[in-house]
Amino acid sequence: MDNMNLPKTALLIIDMQQGLFYADAPPFSREQVLNNINLLIANAREAGAPIWAVRHTGPKGSPIAAGTANWQLIESLAINPQLDNIFDKTKPSCFYQTGLAEALTYEGISELVIVDENPVLYRYQLPDCG
């Protein structure tokens, strides 16, 4: 098979933070979701796919304000700050004023696998903006 025609895929992990994942109303099957995401991270690394992890940042004084314990990524999430791209967002969208779209374009990414604390996997084909 000709690899030149395969889309370049990246993994995007959204809001896997201490304060959201271990909240009073935890996500459904949270430990299984975490295990599945860690498996996706391992598979992405093995395939050489870039990995982005995004944290939602609340305003100063909020439970998920920058620098708080709740704002931190889950300790058992297999993200490696030396290898992976970690960025912050202040709105629900990962793309709004974060530079993510520009980074994906720069890297030549045309497909995203998107995961968060919900037990659903999303695959998104990026539009050709070139």
Side-chain angles (χ1 to χ4, degrees):
M1 176 174 233
D2 182 7
N3 287 340
M4 297 300 288
N5 294 328
L6 294 176
K8 187 169 181 188
T9 304
L11 177 61
L12 175 61
I13 302 161
I14 303 172
D15 299 345
M16 292 294 290
Q17 294 163 256
Q18 295 285 351
L20 300 176
F21 197 72
Y22 294 112
D24 292 336
F28 179 77
S29 298
R30 89 173 145 202
E31 294 308 318
Q32 185 61 50
V33 168
L34 180 58
N35 290 338
N36 290 344
I37 291 173
N38 281 334
L39 181 60
L40 285 169
I41 291 169
N43 289 340
R45 281 219 182 85
E46 185 177 314
I51 300 168
W52 272 272
V54 59
R55 290 178 294 225
H56 189 79
T57 303
K60 187 175 183 178
S62 76
I64 56 170
T68 63
N70 286 337
W71 173 78
Q72 302 297 326
L73 293 174
I74 299 166
E75 288 182 16
S76 55
L77 187 65
I79 291 295
N80 181 334
Q82 282 73 43
L83 299 175
D84 305 322
N85 305 286
I86 301 171
F87 68 101
D88 301 313
K89 64 181 178 69
T90 58
K91 305 291 184 200
S93 172
C94 294
F95 293 93
Y96 183 74
Q97 297 181 342
T98 63
L100 178 60
E102 295 81 4
L104 294 172
T105 299
Y106 178 80
E107 294 287 330
I109 303 299
S110 59
E111 190 169 73
L112 278 178
V113 173
I114 304 171
V115 295
D116 61 13
E117 74 275 1
N118 297 301
V120 177
L121 173 70
Y122 303 95
R123 190 174 197 113
Y124 182 73
Q125 188 77 33
L126 297 171
D128 182 5
C129 299

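Here the structure is a predicted model, which is why all the values come from computation and not from measurement.
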Check: Can you name the closest pair of heavy atoms from Pro50 and Ile109 and give their distance?
Finding: CG-CD1, 3.7 Å
Check: Rounded to the nearest 0.5 Å, what separation is found between the CD1 atom of Ile114 and the CG atom of Leu11?
Finding: 9.5 Å
Checklist line | Cluster check Trp71, Phe87: I/L/V/M/F/W/Y, side chain < 4.5 angstrom | finding: no
Next item on the list: Enter the distance from Cys94:SG to Trp52:CH2 here, rounded to the nearest 0.5 Å.
Entry: 12.0 Å
Checklist line | Approximate separation, where rounding is to 0.5 Å, of Glu117 CD and Ile14 CD1 | finding: 9.0 Å
Check: Do the side chains of Ile79 and Ile13 get nearer than 4.5 Å, heavy atoms only?
Finding: yes
Margin query: Does any part of the side chain of Phe95, heavy atoms only, come nearer than 4.5 Å to the side chain of Leu104, both counted from C-beta?
Written below: yes
Item checked: Atom of His56, atom of Lys89 and distance for their closest heavy-atom approach -> ND1-NZ, 3.0 Å
Checklist line | Gap between atom CZ of Phe21 and atom CD of Gln72 - 0.5 Å precision | finding: 16.0 Å
Check: What heavy-atom pair brings Ala53 and Leu73 nearest, and what distance separates the two atoms?
Finding: CB-CD1, 4.3 Å
Check: Do the side chains of Thr90 and Gln97 get nearer than 4.5 Å, heavy atoms only?
Finding: no
Notebook entry, point to check: In Å, rounded to the nearest 0.5 Å, how long is the span from CZ of Arg55 to CG of Asp88?
Noted result: 4.0 Å
Check: Does the pair Val115 and Leu12 meet the rule for a side-chain contact (heavy atoms from CB on, under 4.5 Å), with working shown?
Finding: CA-CA 6 Å; Val115 295; Leu12 175 61; over 6 Å; no
Checklist line | Contact summary for Ser76 and Tyr22, nearest pair of heavy atoms | finding: OG-OH, 4.3 Å
Next item on the list: Kindly give the heavy-atom pair with the smallest separation between Pro59 and Ala65, and that separation in Å.
Entry: O-CB, 3.4 Å
Notebook entry, point to check: Out of curiosity, Leu20 CG to Asp116 CG, how far, rounded to the nearest 0.5 Å?
Noted result: 10.0 Å
Next item on the list: Go through the steps to decide whether Glu111 and Lys8 satisfy the test side-chain contact (heavy atoms from CB on, under 4.5 Å), and finish with yes or no.
Entry: CA-CA 6 Å; Glu111 190 169 73; Lys8 187 169 181 188; over 6 Å; no
Next item on the list: Mind running side-chain contact (heavy atoms from CB on, under 4.5 Å) on Leu77 and Asn38 for me, showing each step along the way?
Entry: CA-CA 6 Å; Leu77 187 65; Asn38 281 334; 3.8 Å; yes
Next item on the list: Verify side-chain contact (heavy atoms from CB on, under 4.5 Å) between Arg45 and Leu83, making sure each step is shown before the conclusion.
Entry: CA-CA 9 Å; Arg45 281 219 182 85; Leu83 299 175; 3.7 Å; yes
Next item on the list: Output yes when a side-chain donor or acceptor of Asn85 lies under 3.5 Å from a complementary backbone atom of Ile51, and no otherwise.
Entry: yes
Check: Just wondering, more than 12 heavy atoms not from Tyr96 lying within 6.0 Å of its OH?
Finding: no
Check: What is the minimum heavy-atom distance between Thr68 and Ser62, and which atoms define it?
Finding: CG2-O, 4.5 Å
Item checked: Donor on one side chain, acceptor on other, Asn36 and Gln32, under 3.5 Å -> yes
Check: Same cluster or not: are Ile74 and Leu39 linked, directly or through other Ile, Leu, Val, Met, Phe, Trp or Tyr residues, by side-chain heavy atoms under 4.5 angstrom apart?
Finding: no
